[in-house]
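These notes are about the structure you will find just below.
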Amino acid sequence: MSNFVQRFTQSRVWRSFFRHGWPDNPLDRSLVMTTNIFFHLHPVKVSRKSLKATYSLGLGVISLITFLVLSITGLLLMFYYVPTVERAYSNIVTLQTMVPFGQLLRNMHRWSAHLMVLVVVLHMARVFYTGAYKPPREFNWVLGVVLLLLTLGASFTGYLLPWDQLAFWAITVGTSVAAYEPLMGSTIKTFLLGGPEVGQEALTRFYALHVMLIPLGIALVTSIHIWRVRKDGGLAANQAPEEKP
Ligand code: HEM
């Protein structure tokens, strides 16, 4: 039996999964970290402090999880939702009242959206209060600001889609406020609405932004953001006190 195990762990099948030996020496330990998709968020060496749940509160990871829940539930909502002024509202009512688990699906999407905005803001506050925005992490802070804006953009564009009174008037007020922005205000309003008021053109544009452009942007920038965390040496707590800027 042990001979079989030994031969199997040396076989090409095993090696295709695990490209390193049992991690009982520094080289194999570092190979475990760099070749595993789940571990490679961390650099090869991490301090105990950065792994403590009370340091980061896991808020970045929770932001990512809410985004994944939103992507999956959003995709399922697209099976039923048609972005036209005639059908959008009735689609949502049908989804809630006649589709099995429809109300659960919609509520999961809605609550995850609220949670994502809250958690991203808390994550930003945590990064600020631990001083993790300082060099060499300033670029990642800028990426974070882009992610915050994209998250708020996703929230704002999603708000119109149910096409109920609340949605219609909230976007009417929101886009009118945007028009007061100096220099580009009226351009932004026209870009969002595709016309002088909230109508089919606005619904089409908000839908395209909400289901394609913004989620793709979040997925791309988040990938670079998390990759940068590792390239910057892991969480700021990893640095020895004398290295801290
Ligand atoms: C979609 C939104 C976001 C996602 C999915 C995300 C994800 C993450 C993850 C997974 C980490 C590493 C673990 C952790 O700190 O929990 C991290 C770290 C970091 N994030 Fe974010 N983040 C987001 C938004 C932001 C925002 C809004 C900022 C600031 C403006 C920001 C700045 C940073 C910085 C500077 C670090 C390194 C922290 C350190 O070294 O201690 N992130 N982020």
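Keep in mind it's a predicted model, so treat the numbers as computed, not measured. Counting starts at 1 for both ligands and their atoms, in listed order.
- Distances below 4.0 Å separate heavy atoms of L64 from the following atoms of ligand 1: 5 (C).
- Between L150 and I214, the shortest heavy-atom distance links the atoms O-CG2, 3.4 Å.
- When hydrophobic clusters are built by joining Ile, Leu, Val, Met, Phe, Trp and Tyr residues whose side-chain heavy atoms come closer than 4.5 Å, directly or via intermediates, V121 is grouped together with M116.
- Protein heavy atom in closest approach to atom 13 (C) of ligand 1: L235 CD2, 4.0 Å.
- For R126 against S56, the heavy-atom pair with the smallest separation is NE-CA, 3.6 Å.
- Nearest non-hydrogen protein atom to atom 3 (C) of ligand 1 is L147 CD1, 3.7 Å.
- Regarding atom 37 (C) of ligand 1, its nearest protein heavy-atom neighbour is R137 CD, 4.2 Å.
- In terms of polar-atom proximity, W141 is not counted as a contact of ligand 1, lacking any N or O under 3.5 Å from an N or O of the ligand.
- There is no side-chain donor-acceptor pair under 3.5 Å between W14 and Q10.
- Partner of L143 under the side-chain contact (heavy atoms from CB on, under 4.5 Å) criterion, chosen from I226, T222, I224: I224.
- Remark: among candidates G131, S63, S223, the nearest residue to atom 4 (C) of ligand 1 is S63, based on non-hydrogen atoms.
- Within the 4.0 Å heavy-atom cutoff, F67 does not count among the residues contacting ligand 1.
- Closest heavy-atom approach to atom 2 (C) of ligand 1 among the candidates L59, V229, V120: V120.
- Closest to atom 40 (O) of ligand 1 among all protein heavy atoms lies A236 N, 2.8 Å.
- Of all heavy-atom pairs between Y81 and L161, the closest is OH-O, 2.6 Å.
- In terms of heavy-atom proximity, N140 sits nearest to D232 at CB-OD2, 4.2 Å.
- Scanning M124, H225, R228, R230 for the heavy atom closest to atom 32 (C) of ligand 1 points to H225.
- Y207 and L76 fall into different hydrophobic clusters, defined by Ile, Leu, Val, Met, Phe, Trp and Tyr side-chain heavy atoms under 4.5 Å apart, directly or through other members.
- Side-chain rings of Y133 and W141 approach one another, their centers coming within less than 6.0 Å.
- In terms of N/O distances under 3.5 Å, ligand 1 is not approached by N140.
- The closest approach between any non-hydrogen atom of V61 and ligand 1 is below 4.0 Å.
- When hydrogens are left out, the protein atom nearest atom 28 (C) of ligand 1 is G144 CA, 3.3 Å; that is the closest non-hydrogen contact.
- Residues L31 and T35 approach most closely at O-OG1, 2.6 Å, considering heavy atoms.
- With ligand atoms numbered from 1 in the order given, ligand 1 contributes 5 (C) to contacts under 4.0 Å with heavy atoms of T222.
- If you check which protein heavy atom lies closest to atom 35 (C) of ligand 1, you get V127 CG1, 3.4 Å.
- Considering backbone and side-chain N/O of R126, one or more are found under 3.5 Å from N/O of ligand 1.
- Proximity to V145 (heavy-atom distance under 4.0 Å) selects the following atoms of ligand 1: 30 (C).
- Outside the 6.0 Å centre-distance limit, the rings of F206 and Y159 are not counted as a close aromatic pair.
- For atom 23 (C) of ligand 1, the nearest non-hydrogen atom from the set E138, H123, H42 comes from H123.
- Distances shorter than 4.0 angstrom occur between a heavy atom of M116 and an atom of ligand 1.
- Taking all atoms of both residues into account, the shortest heavy-atom contact from V46 to P43 is CG1-CD, 3.8 Å.
- For the residues S56, A132, G60, the heavy atom positioned nearest atom 9 (C) of ligand 1 is part of G60.
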